[in-house]
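So you know, we letter chains A, B, ... as the sequences are listed, proteins then strands, and number each from 1.
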2 protein chains.
Amino acid sequence: MRLSTRAQYAVRAMVDLSLYSEGRPVSLKEISRREEIPLNYLEQLFFRLKKGQIVTSVRGPGGGYVLARQESAIKVGEIVETVEEQLSPVACLDEGDRSCRRGARCLTHTVWQGLGERIKGFLDSITLADLTREARTRPAGGGDNEKGVCQPTG
Amino acid sequence: MRLSTRAQYAVRAMVDLSLYSEGRPVSLKEISRREEIPLNYLEQLFFRLKKGQIVTSVRGPGGGYVLARQESAIKVGEIVETVEEQLSPVACLDEGDRSCRRGARCLTHTVWQGLGERIKGFLDSITLADLTREARTRPAGGGDNEKGVCQPTG
DNA sequence: ACATACCTTACTATAATTGTCAAGTATGCA
DNA sequence: TGCATACTTGACAATTATAGTAAGGTATGT
Ligand code: FES
Ligand code: FES
């Protein structure tokens, strides 16, 4: 039941982008340095995030990425769903799956279905604004992890 | 965010055990045949389930496994937690993890923590009795999956 | 004794994930 | 125009986790 590190990275990167962008584009190089995420890996993530219309890109020197919408209109659930292949706990919940008959026949299906709904519901109840608001009111104290995010390995 | 098939198997097997046991022990061979789960794999699962004190075993001919408690006292969350290595969505939530400092510093931690609590809370709100009750009131109609469970691959 | 059925460890194959590499395209600026 | 920046995209290797197999052992009822 682990979240992929991709998803954790993506949320961290989005928080970083949101915190450091003041209207201007933020380059992946910056994010990579601050968050200690491999640049090439970030590129893959943002490729997906762009397709998911969560960010837009500006090419060329001085370019980078910008939020596609306001912080308050970007849900954590969206970010996770965009970079993860599937957010649902079991395969039969996915769109287009026909391998087992649902409905009244399957006892356990409703359990996993309910679980999936809770997960999505919870993650969709939190926006980027919720996360950055906290960071802004709390001026970065010292320490090696000053912006308040951490490695997914721990 | 996928549940392991181990967990799905385990819940299915426990439902099966619960449905077919009428006080007497149920052998893994039976469950294996009905649920089409490899016997050796079931043995591994029940090894864990026994350690988790969810079932007890009776050895020798005519032996098998019995629920350690009443159906209504066995939560789905317990079963999943017992056979999965970890139920929490990120590593830093696990017991004994010291790799990153929690508390006020980490912005995203509270999100994953909240998520983990929802997941566990939901799965703990459902008991084996909830699942079998439904099956008992609905006398097995024909079909190839008569007891109302299905393969995790679909 | 013998058959049943649980107990336990070890191992392998397969898939998913993580992360790297490399080559390309668009753009701003001197 | 030429160059540096930085996004774009696909392919791929390394690592890890999972699923499943195998085999031998132990307890117990008949
Ligand atoms: S149909 Fe979804 S778990 Fe059975
Ligand atoms: S301390 Fe848990 S996610 Fe950062």
Side-chain angles (χ1 to χ4, degrees), chain A residues 1-10 12-13 17 21 24-33 35-52 54-66 68 80 83-87 89-91 94 151-154, chain B residues 1-10 12-13 17 21 24-33 35-52 54-66 68 80 83-87 89-91 94 151-154:
Chain A
M1 222 34 201
R2 277 279 153 88
L3 209 63
S4 66
T5 73
R6 259 213 304 279
Q8 295 178 60
Y9 277 149
R12 276 174 63 202
L17 168 56
S21 168
R24 79 180 164 85
V26 179
S27 73
L28 292 188
K29 209 164 156 190
E30 270 184 73
I31 300 179
S32 167
R33 190 173 49 246
E35 302 292 334
E36 295 174 39
I37 301 172
L39 178 59
N40 289 323
Y41 204 35
L42 268 185
E43 289 176 336
Q44 284 182 40
L45 294 184
F46 275 81
F47 179 46
R48 294 173 192 237
L49 291 172
K50 193 192 173 186
K51 273 204 300 186
I54 292 176
V55 297
T56 56
S57 66
V58 179
R59 303 182 77 152
Y65 286 92
V66 190
V80 173
V83 299
E84 290 252 343
E85 262 72 52
Q86 61 274 324
L87 186 50
V90 297
D94 289 340
Q151 299 299 346
T153 45
Chain B
M1 224 33 202
R2 275 280 152 88
L3 209 64
S4 66
T5 72
R6 258 214 303 282
Q8 295 178 60
Y9 276 151
R12 275 174 63 202
L17 168 56
S21 168
R24 78 181 164 87
V26 178
S27 73
L28 292 187
K29 208 165 157 191
E30 269 183 75
I31 300 178
S32 168
R33 189 174 48 246
E35 302 293 333
E36 294 173 42
I37 302 172
L39 177 60
N40 288 325
Y41 204 36
L42 267 184
E43 287 177 335
Q44 284 182 40
L45 294 183
F46 275 80
F47 179 45
R48 293 173 193 235
L49 291 172
K50 193 193 172 185
K51 272 204 301 188
I54 292 175
V55 297
T56 56
S57 66
V58 178
R59 304 183 75 153
Y65 287 93
V66 190
V80 173
V83 298
E84 290 252 345
E85 262 73 49
Q86 62 273 326
L87 186 49
V90 298
D94 289 339
Q151 299 300 345
T153 45

Checklist entry - Is the phosphate of C/dG19, meaning OP1 or OP2, less than 4.0 Å from a side-chain N or O of A/Tyr9? => result yes

Item to check | Contacts of A/Arg48 that satisfy salt bridge (charged side-chain N to carboxylate O under 4.0 Å, His left out) - sequence neighbours left out | outcome: A/Glu85

Checklist outcome for this item: Checking D/dA6, C/dT27, D/dG20 against the side chain of A/Pro61 (C-beta onward), the nearest is C/dT27

Checklist outcome for this item: Against the side chain of B/Asn40, the closest entry in C/dT17, C/dA26, D/dA23 is D/dA23

Checklist entry - So, do A/Leu17 and A/Ser21 sit near enough that their side-chain heavy atoms are less than 4.5 Å apart? => result yes

Checklist outcome for this item: Across all chains, not counting sequence neighbours, the side chain to side chain contact (heavy atoms under 4.5 Å, CB included) partners of A/Ala13 are A/Ile31, A/Leu42, A/Phe46

Item to check | Proximity to the side chain of A/Tyr65 - top-ranked nucleotide from D/dT8, C/dT4, C/dC6 | outcome: D/dT8

Checklist outcome for this item: The salt bridge (charged side-chain N to carboxylate O under 4.0 Å, His left out) partners of A/Arg33 (sequence neighbours excluded) come to none

Item to check | All salt bridge (charged side-chain N to carboxylate O under 4.0 Å, His left out) counterparts of B/Arg59, not counting sequence neighbours | outcome: none

Checklist entry - Mapping A/Val26 and B/Leu3 onto DNA chain D by nearest heavy atom, which one lands closer to the 5' end? => result A/Val26

Checklist entry - If you take atom types as modelled and just measure distance, does the side chain of A/Arg59 reach the base of D/dT8 with a donor-acceptor pair under 3.5 Å? => result no

Item to check | Residues from residues 43-50 of chain B lying under 4.0 Å of DNA chain C - heavy atoms | outcome: B/Glu43, B/Gln44, B/Phe47, B/Lys50

Checklist entry - Can you name the salt bridge (charged side-chain N to carboxylate O under 4.0 Å, His left out) partners of B/Glu43, sequence neighbours left out? => result none

